[in-house]
Amino acid sequence: MPPAVILDIFLAVTVPDPTTRRVVMAAFPGAEMLDVVGPLEVFSVASRVLGHREKRTAPAYRVEIVAETPGALRMESGLEIVAGGGLHPNRGAIDTLLVPGGGGVAVTMRNTVFVSWLAQAAGRSRRVASVCTGARLL
């Protein structure tokens with residue numbers, strides 16, 4: 001089956017209604033850049049495809065990066081990303097909560113603020129997933 005057909009089947013199955021779904025990446029210093037950006041790109045592309053195909057007025061997915069404090073966040077590679085929001089205040093329901101892996105996992109596991117927020121946010125998320133060593137945080 002060609003990849004485009006697989007993508008069409010995937011999108012048709014996973015997005016059955018027109019609501020915007022919130023996808024939150026819980027980032028931290030020393031996370032692997034690809035673990036943060038890769039999954040968010042998948043949701044962003046899916047949102048654009050659905051918008052075009054279904055002529056949606058609202059995006060299928062709204063992706064966001066949160067961190068302990070909003071602003072620049074240095075990844076394991078030394079590159080920086082910008083977390084648009086902080087962990088607090090907690091804002092509403094989350095459709096998909098994602099946790100990246102990377103060299104910063106070991107330090108972040110000892111960050112009680114971050115780990116406590118993850119536990120609380122997981123309770124209000126429809127699904128929770130990690131990339132690679134992010135599973136250690138979960």
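Positions are given from 1, in the same order as the sequence printed here. For clarity, every value in this text was computed on a predicted model and none was experimentally measured.
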Practice item. Indicate if Leu34 and Leu79 have the same hydrophobic cluster label, given that clusters are the connected sets of ILVMFWY residues with side-chain heavy-atom separations under 4.5 angstrom. Key: no

Practice item. For residues 24-45, pull every pair meeting salt bridge (Lys or Arg N to Asp or Glu O under 4.0 Å), keeping only residues two or more places apart or in separate chains. Key: none

**Study point:** Exercise: identify the closest heavy-atom pair between Arg56 and Thr19
**Key:** NH2-O, 3.3 Å

Review point. Hey, mind stepping through Met25 and Val63 against side-chain contact (heavy atoms from CB on, under 4.5 Å) and telling me if it holds?
Key: CA-CA 8 Å; Met25 177 63 73; Val63 299; over 6 Å; no

Point to revise | From CD (Gln120) to CG (Leu87), nearest 0.5 Å | key: 10.0 Å

**Study point:** Closest contact, heavy atoms only, Ser47 versus Ala60
**Key:** OG-N, 3.0 Å

Revision key, fill the gap. So side-chain hydrogen bond (donor to acceptor under 3.5 Å, both in side chains) across residues 69-83, not counting sequence neighbours, yields Arg74-Glu80

Exercise for review: Scan for ring pair (Phe, Tyr, Trp, His ring centres under 6.0 Å) pairs involving residues 31-56, sequence neighbours excluded, and state none if there are none.
Suggested key: Phe43-Tyr61

Study note, to complete from the structure: Sorted by chain and number, sequence neighbours left out, side chain to side chain donor-acceptor pair (under 3.5 Å) with Glu64 holds for Arg22, Arg62, Arg91

Review point. Between Ile81, Val24, Val23, which is the residue that forms a side-chain contact (heavy atoms from CB on, under 4.5 Å) with Leu40?
Key: Val23

Study note, to complete from the structure: Rounding to 0.5 Å, atoms NE2 (His88) and OG (Ser116) come to a distance of 8.0 Å

Review point. Taking all atoms of both residues into account, what is the closest heavy-atom pair of Ala58 and Thr20, and its distance?
Key: CB-OG1, 3.5 Å

Practice item. Could you pull out all residues at least two apart from Ser44 that satisfy side chain to side chain donor-acceptor pair (under 3.5 Å)? Key: Arg48

Practice item. Please collect all salt bridge (Lys or Arg N to Asp or Glu O under 4.0 Å) contacts where either partner lies in residues 102-123, sequence neighbours excluded, each pair once. Key: none

Which pairs of donor and acceptor atoms, one on a side chain in residues 93-109, lie under 3.5 Å apart (sequence neighbours left out)?
residue	atom	partner	partner atom	Å
Asp95	OD1	Arg21	NH1	3.4
Asp95	OD1	Arg126	NE	2.5
Asp95	OD1	Arg126	NH2	3.3
Asp95	OD2	Arg126	NH2	3.3
Thr96	OG1	Arg127	NE	2.7
Thr96	OG1	Arg127	NH2	3.3
Thr108	OG1	Gly104	O	2.8

Review point. Does any pair with a residue in residues 119-138 pass ring pair (Phe, Tyr, Trp, His ring centres under 6.0 Å), and if so which ones, sequence neighbours excluded?
Key: none

